[in-house]
Structures are given as C-alpha cells and as structure tokens.
2 protein chains.
Amino acid sequence: MAAAAAVSISTASKALNDTGRMGSETRERVKRIAAEIGYRPNALARGLLSKRSFTIGLLTNDTYGRFTLPVMAGISDALVDHGVSVFLCAIEDDPALAQIHVDAMLDKQVDGIIATGKRLDRRLPVDLSNLHVPVVYAFTEGTQNSVTFRSDDEQGARLAVEWLVKIGRRRIAHITGPEDFFSVRERAGAYHEVAGHREPVLYGVWSESWGHEAVEQLWKRPGEKPDALFCGNDQIARGAADALRERGVKVPQDVSVIGFDNWEIVAAQTRPPLTTVDMELKELGRQAGLTVLALAEGRPVEPGVRKLPCRLIVRQSCGGKAPRG
Amino acid sequence: MAAAAAVSISTASKALNDTGRMGSETRERVKRIAAEIGYRPNALARGLLSKRSFTIGLLTNDTYGRFTLPVMAGISDALVDHGVSVFLCAIEDDPALAQIHVDAMLDKQVDGIIATGKRLDRRLPVDLSNLHVPVVYAFTEGTQNSVTFRSDDEQGARLAVEWLVKIGRRRIAHITGPEDFFSVRERAGAYHEVAGHREPVLYGVWSESWGHEAVEQLWKRPGEKPDALFCGNDQIARGAADALRERGVKVPQDVSVIGFDNWEIVAAQTRPPLTTVDMELKELGRQAGLTVLALAEGRPVEPGVRKLPCRLIVRQSCGGKAPRG
DNA sequence: GTGATCTGAGAAAAGCTTTTACCAATCCCT
DNA sequence: AGGGATTGGTAAAAGCTTTTCTCAGATCAC
C-alpha cells in the first residue's frame with residue numbers, strides 16, 4: 001500500500017484520485033511514490049464500495065463465433081477506454097448452462113449484460129428481463145421494453161439489389177436460406193420491392209451445396225436464365241459461383257453474384273471474390289457496449305429496436321466498379 | 001442480506017457454507033430463507049477476503065478466432081464447474097492495447113491468465129513472465145519455466161501420412177504454408193520420415209489459391225503424378241481439391257487429399273469433404289484451464305511444454321474407411 | 001492579542017463476506 | 001450440586017478503497 005511508503009492512508013486515496021484538499025506537493029509526492037512502487041488499486045475493493053465493477057458480461061449462443069466475434073471486438077473496443085472488461089460466456093442453447101453463467105456473472109456484480117446470438121428472431125434460452133442490471137440485446141431477439149441493436153437487413157438487401165440494377169442487371173434471382181428466418185423474409189421483401197416479381201425466390205438452407213443445387217435448378221428450367229444472383233449469404237453465393245463456373249457460365253461477365261454477410265473466409269476466397277453486404281457487426285457491438293455502459297451509469301436510454309445500416313463491399317463477383325473508386 | 005430476514009449475520013455465513021457449529025434446524029432455516037429470497041453472496045466481497053476472484057483472463061492475438069474460440073470453449077467448459085468466469089481480451093498484436101488489458105485484468109484480481117495465439121512459434125506482444133498471478137500458455141510460445149500446451153504437429157502429420165500409406169498411396173506430395181512457421185517445419189519433418197523424400201515439399205502461403213496453384217505446378221511437371229496430397233491446412237487442401245476436380249482428376253479415386261486443422265467451415269464444405277487432422281484445441285483449452293486453476297490454488301505444476309496428440313478425422317477426400325467403422 | 005476562517009491531513013465509517021474469538025446456557029459426571 | 005465440557009449462537013476483525021468528519025495548527029482581520 002502506498003500509505004506505508006509515503007504518509008497516511010486516506011490521504012493516499014485522495015491524492016491519487018485528485019479529490020479532497022491537500023498540499024500540492026504532498027499530492028505529487030504520493031503520486032510519484034505510487035508510480036514508483038507500481039501501486040494499482042484493487043478493483044474488487046473499489047467495486048465493493050462504488051457498486052461498479054467495471055465488468056460486463058457477453059452472453060452468446062453462437063458457438064461458431066461467426067457473429068459473436070465481431071460483436072465482441074466492437075464491445076471491447078468501445079469499452080476498454082472506460083476500463084471495462086468483458087466476460088465471454090458461450091452457452092450452447094443450453095438453458096441450464098446459461099443460467100449458471102448468468103448467475104456467476106451476477107455474483108461477480110457485472111455492471112450489465114449484453115446478449116447476442118446467431119439469429120435475429122430467436123431468444124436466448126434464458127430470461128434476462130427482470131435482472132437488477134441493465135441488459136442490451138445485440139443481434140438477437142430482445143424482450144419488451146428492452147434496447148435491441150440489429151442490422152437493417154431490409155436496407156442491406158436493397159443495397160445489394162440496387163447495386164445489381166445499377167450495373168445493368170435485369171433478371172435477378174434470389175437464392176436464400178430457410179423461410180422461417182426473419183432476416184430471410186426481410187431480405188426477400190426488399191428484393192421483391194426493388195427487383196419486382198419477375199424471378200423466383202429459392203428458399204433452402206445456409207450451405208454451399210444449396211447454392212450449388214439452386215443454380216442447377218435455375219439453369220435446368222426452360223427459358224431465359226437470370227443474369228444476376230442475389231444470395232442470402234456468402235456460403236450460398238460461393239456454392240452458386242462454383243456451380244456457374246462449372247457450367248461454363250462466366251462470373252461476373254455473364255452473371256453477377258452477390259452475397260450477404262461479408263464473411264471474409266468465404267467471401268474473399270470465392271472465385272471471383274464476392275461482392276457482398278457487410279452487417280457492420282463490430283459497429284453494432286460498439287454501440288451495444290456504449291449503451292450498456294450508459295445504462296449502468298444511470299443515463300437514460302430510450303428502449304426500442306435500433307437498426308444499423310449495412311454496407312456494400314464491392315469485390316469482383318458482380319462486375320461494375322466500386323463507388324467513388 | 002439473509003441476516004435481516006432470518007437471525008444474525010455471521011451465523012448466516014456459517015449456515016450457508018456448512019461451516020462452524022450450530023443447530024441443524026437453524027442451519028436449514030437459514031438455507032431455506034436464503035433460497036426463498038434468492039440470496040447470493042457478493043463475489044467481490046468474498047474475493048476481497050479470500051484473495052480469489054474466481055476469474056481468469058484469456059489473452060489472444062488471434063483476431064479471427066479460428067484458434068481462440070475452440071480454446072476458449074474448452075477453458076470455459078472446464079472452469080464453469082468451478083465457478084470461474086473468463087475475461088476475453090483480444091489484442092491485435094498491439095503491445096499498448098495488450099498492456100492495458102493485462103493491467104485491467106490484474107486490477108480485477110484475476111486468479112490467472114491464459115495466453116493464446118494463432119501461432120506456436122510467436123510470442124504475444126506483452127511480457128507476462130513476472131506477474132504475481134500464474135500464467136499458462138496455450139498454442140503460443142511461452143517463456144522459460146512456464147507451462148505451455150501445444151498440439152503435437154509432428155504426431156498429427158504422421159497420423160495423416162500414415163493414413164495415406166495405409167490406404168495404399170505411395171507418391172505423396174506435401175503442399176504447405178510458409179517455411180518459417182515452426183509447425184510447417186515439424187509437419188514437413190514428419191512427412192519426410194514417413195513418406196521418404198520421393199516427392200517434393202511445396203512451401204507457400206495458407207490460402208486456397210496457393211493450394212490451387214501448387215496443384216498446377218505439380219501436374220505441369222513431367223513424369224508420374226502424385227497419388228496423394230498432404231496439405232498443410234484445410235484451406236490449401238480445399239484449393240487443391242478444387243484444382244484437381246477442374247483438371248478432371250478424381251478425388252479420392254485418383255488422388256487422395258488430406259488437410260490439417262479440421263476447420264469445419266472449410267473441411268466439411270469441400271467437395272468431397274476433407275479428411276483432415278484435428279488439433280483438439282478444445283481439449284487443449286480444457287487442460288490449460290485446469291492447469292491455471294491448479295496453479296491459482298497453489299497446487300504444484302511441473303513447468304514445460306506439453307504436446308497434445310492430434311486426431312484423424314476421416315471424411316471422404318482420401319477414400320479408405322474410417323477406423324473401427 | 002483574540003476570535004473567526006482556512007488549510008492540510010488523519011480518523012472513522014461503509015461496503016459485504018468469512019473467520020476467529022468469545023460468551024452464555026445447557027449438559028454430564030461424580 | 002458444582003466444575004468441566006459441550007453447544008448454539010453473536011461480536012468483532014480483516015480484506016482494500018473511498019468518502020465524510022474531525023481536528024490541530026496556521027492565517028487573517030480587527
């Protein structure tokens with residue numbers, strides 16, 4: 001303790017926190033000695049008194065980390081400046097495990113909890129609605145009167161289809177995931193709005209092989225073929241691009257392919273690299289982090305769902321040129 | 001506080017912790033009331049006294065999470081039963097950021113730190129050697145006298161090549177990553193030991209396109225072609241499998257392809273799905289977690305490097321049959 | 001020179017839990 | 001029935017900070 005090295009005990013606290021009255025030379029001396037001996041206050045004791053642990057919990061059921069990691073990065077990025085550390089708890093849709101983790105976090109007096117997941121329209125398997133700490137939902141369904149951050153899939157889909165239209169495509173098909181996903185319906189809705197109903201929507205699963213198979217289906221049908229494929233995610237897009245190449249259809253010369261998610265490992269490795277829609281998950285995490293911090297500090301935050309805009313990432317699978325470049 | 005609801009204050013503690021002497025009916029009553037009002041002790045106060053926070057830090061520079069997530073899952077899995085929560089700190093090879101996170105964790109009195117990374121032969125950009133909390137290294141280079149867990153890449157490579165030999169392959173080529181990676185050299189060493197020096201080792205980068213290009217190189221050369229490709233990771237293997245298919249070479253009938261990493265998103269989506277080597281990162285994380293806990297509790301742990309065996313995952317890219325099935 | 005004001009610093013309490021010490025009351029034994 | 005042991009429970013200290021209160025000494029005004 002700095003007190004031993006220097007003078008008193010409460011004086012030290014006041015010196016280091018720039019609070020209370022005292023001679024400036026005493027203050028400086030205490031600070032200097034504290035720095036010399038590398039004194040750092042015990043956050044547990046501090047938290048015990050201040051009711052703030054400078055700790056938050058991130059709860060996720062996205063085992064694979066596709067969505068959680070960018071969100072986590074954004075949260076950490078936003079909060080590290082405020083001295084806040086993040087507990088990561090991966091619960092695998094296991095309610096019991098989830099409850100254990102939530103209890104452990106509450107015991108450790110987290111200042112707040114951020115819940116995230118892999119699906120906008122599903123709840124985590126644990127009820128967080130009546131905790132005595134603030135809860136923010138990010139990329140997962142929240143409760144009544146909660147603060148929820150999500151990507152604006154409608155706007156993202158519009159971005160994609162408008163891009164295809166802008167570069168001259170007219171027969172745009174939509175290959176996507178299971179229709180019971182909310183984001184699938186939202187993206188399909190935006191697709192219809194922009195592209196009309198000239199081409200079918202093919203619902204399937206979130207896999208490369210479905211993208212592959214969907215192309216087979218489309219090209220087996222009689223009549224004119226699509227000149228663009230708006231795919232529900234990058235994996236489907238990759239499968240579709242592969243299938244087109246194998247049929248001798250040139251991407252992007254003959255057909256443009258556009259994905260969704262900007263999952264680098266898939267999008268950048270596709271031949272050609274995928275133009276796709278990025279959901280800005282890191283920004284989403286950042287805002288969720290700042291919001292839970294605001295709530296923890298008692299600042300008022302309007303409840304409701306906040307949609308964050310997506311961004312178009314132009315690579316080579318559509319042709320066309322990047323805007324402003 | 002349970003005391004208010006029930007009887008005293010220190011009695012409550014003893015009742016709930018099954019310690020001290022007291023009437024069993026009092027003990028039961030306190031327990032019951034505590035359960036009724038949902039009392040949970042404050043871990044901060046408890047930690048202040050016991051010098052144990054039941055919290056550890058996981059430090060990683062693997063932004064992408066390919067290695068960190070399984071390790072994290074293993075750690076969490078092993079420690080959740082002990083009531084330990086995990087701070088995840090992603091430092092992006094930024095020494096200043098790393099130091100901030102380490103300081104924040106120390107302030108919060110973590111019981112220990114696990115350092116992990118994306119490369120066996122690189123250090124994290126922060127010195128953890130003289131902390132007053134135990135440090136365990138997992139999948140990253142540790143310091144002198146530290147405890148380090150790593151995958152046994154030599155054994156893993158041997159597993160792969162022996163498998164190829166066992167299913168009758170004789171001309172086994174090795175396409176792998178940059179030679180300055182320790183694991184590349186180790187895997188190549190094992191490859192040479194098992195397969196001899198009949199085929200060349202092609203060093204390149206960790207990408208699908210390198211796998212693709214390497215196949216071009218091999219097949220352009222005059223003479224007999226390889227009948228098996230041992231690839232340094234799954235991405236290379238996928239690129240190679242794609243290149244073979246495009247050349248009309250049948251996988252696995254004509255050529256077996258085997259990967260390394262068992263990165264599901266790549267290995268399972270390859271056509272055909274990749275037989276590959278799994279580094280058992282989750283198990284690695286589990287052991288690292290239990291070890292740091294042991295150290296935190298003062299139990300002695302022999303310092304040194306512990307190599308964990310890899311496991312062969314048989315899918316369809318090699319032909320042959322899965323062992324015992 | 002004396003009462004009022006100010007200044008610098010220390011003492012003490014609070015925050016919550018666990019542990020040790022302690023104190024009545026009961027019990028047993030002779 | 002009286003002394004020692006046992007029992008059931010409370011009081012208090014410790015762990016580390018921060019904050020509020022208090023106090024001694026100095027300064028100032030008249």
Side-chain angles (χ1 to χ4, degrees), chain A residues 1-35 37-55 83 85 103-111 132-133 296-298, chain B residues 1-35 37-55 83 85 103-111 132-133 296-298:
Chain A
M1 159 64 103
V7 278
S8 77
I9 179 167
S10 53
T11 308
S13 172
K14 291 193 295 191
L16 298 176
N17 294 324
D18 280 325
T19 167
R21 295 182 316 211
M22 67 195 318
S24 58
E25 123 277 3
T26 309
R27 196 179 291 270
E28 289 312 316
R29 183 164 48 89
V30 173
K31 280 185 179 178
R32 182 170 46 74
I33 294 183
I37 67 172
Y39 168 78
R40 314 210 94 227
N42 181 326
L44 264 44
R46 180 180 263 169
L48 190 56
L49 193 54
S50 67
K51 306 286 197 179
R52 288 286 313 281
S53 65
F54 290 92
T55 285
S85 305
D103 287 344
M105 295 194 301
L106 293 177
D107 288 352
K108 280 155 190 151
Q109 311 293 117
V110 289
D111 295 335
H132 59 278
V133 298
E297 291 172 352
Chain B
M1 157 66 99
V7 275
S8 77
I9 178 168
S10 52
T11 308
S13 172
K14 290 194 299 189
L16 297 177
N17 295 324
D18 281 326
T19 165
R21 296 183 313 215
M22 66 196 317
S24 58
E25 124 275 4
T26 309
R27 198 178 290 270
E28 289 313 315
R29 182 164 48 90
V30 173
K31 281 186 178 177
R32 183 171 45 74
I33 293 183
I37 66 173
Y39 168 77
R40 311 212 95 224
N42 181 326
L44 263 46
R46 180 180 264 171
L48 191 56
L49 193 56
S50 67
K51 305 288 196 177
R52 289 286 313 281
S53 64
F54 290 91
T55 284
S85 305
D103 287 345
M105 294 193 302
L106 293 177
D107 288 354
K108 280 154 191 152
Q109 311 294 116
V110 289
D111 295 334
H132 59 278
V133 299
E297 291 173 350

Chemist: When rounded to the nearest 0.5 angstrom, what is the spacing between OG in A/Ser8 and NZ in A/Lys14?
Modeler: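 A/Ser8 atom OG to A/Lys14 atom NZ measures 7.5 Å (nearest 0.5 Å).
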Chemist: Whole Å only: how far is the CG atom of A/Leu16 from the C1' atom of D/dT18?
Modeler: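 Taking atom C1' of D/dT18 as the reference, CG of A/Leu16 is at 12 Å.
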Chemist: Measure the distance from CG on B/Asp107 to P on D/dC16 and round it to the nearest whole Å.
Modeler: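 From B/Asp107 CG to D/dC16 P: 14 Å.
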Chemist: Starting from P on D/dT19, measure out to NZ on A/Lys51 and report it in whole angstrom.
Modeler: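 Atom NZ in A/Lys51 sits about 14 Å away from atom P in D/dT19.
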Chemist: I want to check one thing: is the phosphate of D/dG15, taken as OP1 and OP2, less than 4.0 Å away from some side-chain N or O of A/Asn42?
Modeler: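 No, because none of the side-chain N or O atoms of A/Asn42 sits under 4.0 Å from OP1 or OP2 of D/dG15.
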Chemist: Kindly write out the residues that satisfy side-chain hydrogen bond (donor to acceptor under 3.5 Å, both in side chains) with A/Glu28, not counting sequence neighbours, or none if the list is empty.
Modeler: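 If we apply the side-chain hydrogen bond (donor to acceptor under 3.5 Å, both in side chains) test to A/Glu28, skipping adjacent residues, there are no hits.
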Chemist: If the condition is side-chain hydrogen bond (donor to acceptor under 3.5 Å, both in side chains), which residues does B/Lys31 pass it with, not counting sequence neighbours?
Modeler: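 Checked B/Lys31 against side-chain hydrogen bond (donor to acceptor under 3.5 Å, both in side chains); matches are B/Asp18.
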Chemist: Hey, could you give me the OG1/CG distance between A/Thr11 and A/Leu16, rounded to the nearest 0.5 Å?
Modeler: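 If we round to the nearest 0.5 Å, A/Thr11:OG1 and A/Leu16:CG are 10.5 Å apart.
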Chemist: Output yes when at least one side-chain N/O atom of A/Asn17 is less than 4.0 Å from OP1 or OP2 of D/dT18, else no.
Modeler: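 True: A/Asn17 side-chain N/O within range (under 4.0 Å) of D/dT18 OP1/OP2.
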Chemist: Which pairs, with at least one residue in residues 38-48 of chain A and sequence neighbours excluded, count as a salt bridge (charged side-chain N to carboxylate O under 4.0 Å, His left out)?
Modeler: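 Found A/Arg40-B/Asp107.
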Chemist: In chain order, what residues pass the side chain to side chain contact (heavy atoms under 4.5 Å, CB included) check against B/Thr55, with sequence neighbours excluded?
Modeler: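 Result, side chain to side chain contact (heavy atoms under 4.5 Å, CB included) vs B/Thr55: A/Phe87, A/Lys108, B/Ser53, B/Phe87, B/Val110.
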Chemist: Check the interface with nucleotides 11-14 of chain C: list each N/O to N/O pair with the protein under 3.5 Å, or write none.
Modeler:
unit_1, atom_1, unit_2, atom_2, d
C/dA11, N7, A/Ser10, OG, 3.4
C/dA11, N6, A/Ser10, OG, 3.1

Chemist: Quick one: does A/Arg52's side chain have a donor or acceptor within less than 3.5 Å of a partner on A/Glu297's backbone?
Modeler: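 Here the side-chain-to-backbone pair does not exist.
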Chemist: Checking B/Ser10 now: which residues fulfil side-chain hydrogen bond (donor to acceptor under 3.5 Å, both in side chains) with it, not counting sequence neighbours?
Modeler: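 Counting only residues at least two positions away or on another chain, B/Ser10 forms no side-chain hydrogen bond (donor to acceptor under 3.5 Å, both in side chains).
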Chemist: Can you give me the closest heavy-atom contact between B/Val133 and B/Asp111, atom names plus distance?
Modeler: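 That closest heavy-atom pairing would be CB-O, 4.2 Å.
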Chemist: Just how far, in rounded Å, is C1' of C/dT18 from CG of B/Leu44?
Modeler: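 Roughly 15 Å, once rounded to whole Å.
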Chemist: Round to a whole Å and report the spacing from CZ of B/Arg52 to C1' of D/dG15.
Modeler: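 Between C1' of D/dG15 and CZ of B/Arg52: 16 Å.
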Chemist: Give me the residues of residues 19-28 of chain A where at least one heavy atom lies under 4.0 Å from an atom of DNA chain D, by number, or none.
Modeler: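 Contacts with DNA chain D under 4.0 Å: none.
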Chemist: Under the rule for side-chain hydrogen bond (donor to acceptor under 3.5 Å, both in side chains), what residues qualify as partners of A/Thr26, not counting sequence neighbours?
Modeler: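 Once residues adjacent in sequence are excluded, A/Thr26 has no partner under the side-chain hydrogen bond (donor to acceptor under 3.5 Å, both in side chains) criterion.
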Chemist: With axes from five pairs an end, tell me the bend angle of the helix from C/dG1-D/dC30 to C/dT30-D/dA1, nearest 10°.
Modeler: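 So the angle between the two local helix axes works out to 60°.
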Chemist: Could you measure the distance from the CG atom of B/Leu44 to the CG atom of B/Leu49? Nearest 0.5 Å is fine.
Modeler: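 If we round to the nearest 0.5 Å, B/Leu44:CG and B/Leu49:CG are 12.5 Å apart.
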Chemist: Which nucleotide in the list C/dT17, C/dC16, D/dC16 gets nearest to the side chain of B/Tyr39?
Modeler: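 So the nucleotide nearest the side chain must be C/dT17.
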Chemist: Over how many whole Å does the gap from B/Leu48 atom CG to D/dT17 atom P extend?
Modeler: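 About 8 Å, once rounded to whole Å.
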